[in-house]
K.L.:
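This is the structure I have questions about; it appears just below.
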Amino acid sequence: MDLRERIARRRSGRQHGRVIVDRDQLSPVVHPAEPVGRGPVLEQLLDALEPVFDGALPPPVAVVGPPGSGTSAVVTASFAALNEQLGGSSRAIATTTRGGRSEPVTWFVTVDGRRVESAFAFYRAVLAGLSTEQVPNGGVGTDELRDRLRDRLARADRRAVVAIDHHDEPGTLGADRVRELLSPVADSVATVAVGHREPDGHHGPTVTVPSYRDHELVDVLTERASSGLAAGALAHDAVRELAGWADGNAHDALAALFGAAVLATDDDADRLERRHLEAAWAAVPDDGVHVGRPLALSATRQRALLALVDLDATERPISETATAIADRSSLTAGTVERFLYELADDGVIERVPLQTVDTGGGGGRQPSTVEPRFPTLVFRALSTALDDKRSG
DNA sequence: GATCCACGGGAATACACGGATG
DNA sequence: CATCCGTGTATTCCCGTGGATC
């Protein structure tokens, strides 16, 4: 990071108070261009993709690792760098418009499974990664998009390596479904499945990303804090403690750091105090889900979750919670209730059996309540679902 | 006009419990 | 005593509708 960049970040960060200099540097959903301490894994991934350097397609690759190990970060960073070297969209235009000689071009596209759940959305995402042209949002059929993709890759020496991130999370397109969608262009597309486990029947190299070790996580946090927080805002032993608490999970560690920074800002403090850190990691559930999960939901669902977080709905039956949320929004209680069940089914929130016996009418099935499974402070800070309301 | 998608309503099904039935 | 049944609630599942986009 050069000086100019630092100054620019300071300027843009002013509105965030005295502690936070650059929110993006702290965000668990933003990946650095150069992941810290993941050199060996990056090498393994490049090995697996080796054929692309000879203008060929690699075999199917799987990238697997436990939650918070940085699988997405590794793939995102690698693909960005590979695009620069091997002819991503911008370069492709520069080289193909000059002279007739068509150089081998390979695009590297990552598709975020959390935000791409239909065939239509999938083709759209891949096409967007393959060209700078505008891809329609609607009004055109799925078949049309598939045909465009085929046309795009039909010419010789054009291929794409498509990473499908989070292929094994609930609600996302599975690796087999992706293969099916890409079958019309199978000769020019290779896939990289990124997730917690290999796709069923995976054949081909697998890159295994291990959990961060304690000192590596310290490095990650130190790096993020140095660019995201004001100088001296975070004591070094706090970093160690944070890393120890997170137990190798970089997402949880960053979520706690971010949450603490938000709390310190609310306090108008000039450094992260112990109470901020403790409250922040209390807001990161054990064994919870990545904050990217709720952040990828539709605006209405995010609004429902924001209300849920503010409500502190513990000990309340799900139907009551739904009514309370509905009162604060334009949604019907019935719809909110269904949302909550769906979100619980996907693991974003968790149903907890409720023991209260005093249902006057007697009989009936026991109600349950719901609890967030995602980092609440981070979600509240990053969700844009209320932005239209907030500005002004 | 064609198309995708999220919302909304509600039907269908599962579960809990007490009381009736054999 | 084991099982079935009725009632009330919780949970899941389905599909029509309308907004947005091209």
Side-chain angles (χ1 to χ4, degrees), chain A residues 111-152 169-174 177-178 180-182 184 292-308 311 313-373 383-389:
Chain A
V111 175
D112 182 354
R114 289 172 181 153
R115 293 170 187 274
V116 172
E117 301 183 352
S118 67
F120 180 85
F122 177 76
Y123 286 133
R124 208 183 110 65
V126 176
L127 273 171
L130 251 49
S131 73
T132 51
E133 292 164 30
Q134 202 66 25
V135 185
N137 275 318
V140 56
T142 304
D143 293 352
E144 163 74 18
L145 289 190
R146 193 196 51 225
D147 292 347
R148 282 199 205 184
L149 178 60
R150 191 155 40 192
D151 292 348
R152 184 87 191 147
E169 283 181 6
T172 61
L173 294 172
R177 178 82 175 117
V178 167
E180 188 184 324
L181 292 174
L182 289 175
R293 294 274 304 280
L295 287 173
L297 297 168
S298 71
T300 37
R301 275 156 217 253
Q302 290 195 40
R303 276 194 281 270
L305 285 179
L306 286 167
L308 175 70
L311 220 50
T314 48
E315 308 294 306
R316 275 214 268 182
I318 201 166
S319 56
E320 265 184 44
T321 305
T323 310
I325 293 174
D327 288 346
R328 302 173 168 213
S329 71
S330 58
L331 298 173
T332 320
T335 296
V336 174
E337 193 170 357
R338 186 171 49 75
F339 280 2
L340 293 178
Y341 282 120
E342 285 174 6
L343 293 167
D345 202 41
D346 287 348
V348 174
I349 58 183
E350 185 180 19
R351 289 219 314 266
V352 181
L354 207 52
Q355 298 299 346
T356 50
V357 213
D358 61 338
T359 36
R365 197 171 171 173
Q366 290 293 358
S368 47
T369 186
V370 289
E371 293 176 358
R373 300 296 300 148
S383 175
T384 55
L386 296 178
D387 274 5
D388 49 348
K389 235 175 164 182

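It should be emphasised that the depicted structure is a prediction, and the values quoted were computed from it without experimental measurement. Throughout, protein chains are lettered first and strands after them, A, B, ... in sequence-line order, and every chain is numbered starting at 1.
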K.L.:
Under the 3.5 angstrom rule, does the side chain of A:Tyr123 hit a backbone N or O of A:Leu181 as a donor-acceptor pair?
P.N.:
yes
K.L.:
Rounded to whole Å, please give me the gap between CG in A:Leu340 and C1' in C:dC13.
P.N.:
17 Å
K.L.:
What is the per-nucleotide protein-contact pattern of nucleotides 14-22 of chain C, from the 5' end, where B denotes a base atom under 4.0 Å from a protein heavy atom, S denotes such proximity for sugar-phosphate atoms only, and - denotes neither?
P.N.:
-------BB
K.L.:
Once you apply a heavy-atom cut-off of 4.0 Å, does A:Ser298 come out as touching a base, just sugar-phosphate, or nothing?
P.N.:
sugar-phosphate
K.L.:
So if I take every side-chain heavy atom of A:Thr332 and compare against B:dC17, B:dG9, C:dA10, which nucleotide ends up nearest?
P.N.:
B:dG9
K.L.:
Find the distance between CZ (A:Arg373) and CG (A:Asp346) and round it off to the nearest 0.5 Å.
P.N.:
14.0 Å
K.L.:
How many whole angstroms separate atom CG of A:Asp147 from atom P of B:dA2?
P.N.:
18 Å
K.L.:
So does A:Ser131 get a backbone contact from the side chain of A:Arg152, meaning a donor-acceptor N/O pair under 3.5 Å?
P.N.:
no
K.L.:
Describe the nucleic acid contact of A:Gly141 in one word from base, sugar-phosphate, nothing, applying a heavy-atom distance below 4.0 Å.
P.N.:
sugar-phosphate
K.L.:
How close or far is atom C1' of B:dG8 from atom CZ of A:Phe339, stated in whole angstroms?
P.N.:
9 Å
K.L.:
Expressed in angstrom and rounded to an integer, what is the separation of A:Phe120 atom CZ from B:dA6 atom P?
P.N.:
11 Å
K.L.:
How long is the line joining CD of A:Gln366 and C1' of B:dC17, in whole Å?
P.N.:
9 Å
K.L.:
Do A:Arg351 side-chain atoms and A:Ala344 backbone N/O form a donor-acceptor pair below 3.5 Å?
P.N.:
no
K.L.:
Examine B:dC4: is either OP1 or OP2 under 4.0 Å from a nitrogen or oxygen in the side chain of A:Thr142? Give yes or no.
P.N.:
yes
K.L.:
Of the nucleotides B:dC5, C:dA10, C:dT11, which has the atom closest to the A:Ile318 side chain?
P.N.:
C:dT11
K.L.:
Do A:Asp147 and A:Arg150 sit within salt-bridge range, that is, some charged N less than 4.0 Å from a carboxylate O?
P.N.:
yes
K.L.:
Heavy atoms within less than 4.0 Å of DNA chain C: which residues of residues 343-351 of chain A have one? Give them sorted by number.
P.N.:
A:Arg351
K.L.:
Which pairs of donor and acceptor atoms, one on a side chain in residues 332-341 of chain A, lie under 3.5 Å apart (sequence neighbours left out)?
P.N.:
residue: A:Arg338; atom: NH1; partner: A:Glu342; partner atom: OE2; Å: 2.9

K.L.:
Can you tell me how far C1' of B:dA2 sits from CD of A:Glu144, to the nearest Å?
P.N.:
12 Å
K.L.:
Rounding to a whole Å, what distance do you find between A:Tyr341:OH and B:dT13:C1'?
P.N.:
13 Å
K.L.:
Rounded to the nearest Å, what distance is computed from the CD atom of residue A:Glu337 to the P atom of nucleotide C:dC13?
P.N.:
15 Å
K.L.:
Minimum heavy-atom separation for A:Leu173 and A:Glu117, please, with both atom names.
P.N.:
CD2-O, 3.5 Å
K.L.:
Between A:Gln302 (side chain) and A:Leu297 (backbone), is there a donor-acceptor pair under 3.5 Å?
P.N.:
yes
K.L.:
Below the 4.0 Å mark, does C:dT11 have OP1 or OP2 next to a side-chain nitrogen or oxygen of A:Ser368?
P.N.:
yes
K.L.:
Counting N and O atoms only, with roles assigned by atom type, does the side chain of A:Asp112 sit under 3.5 Å from a partner on the main chain of A:Arg114, one being a donor and the other an acceptor?
P.N.:
yes
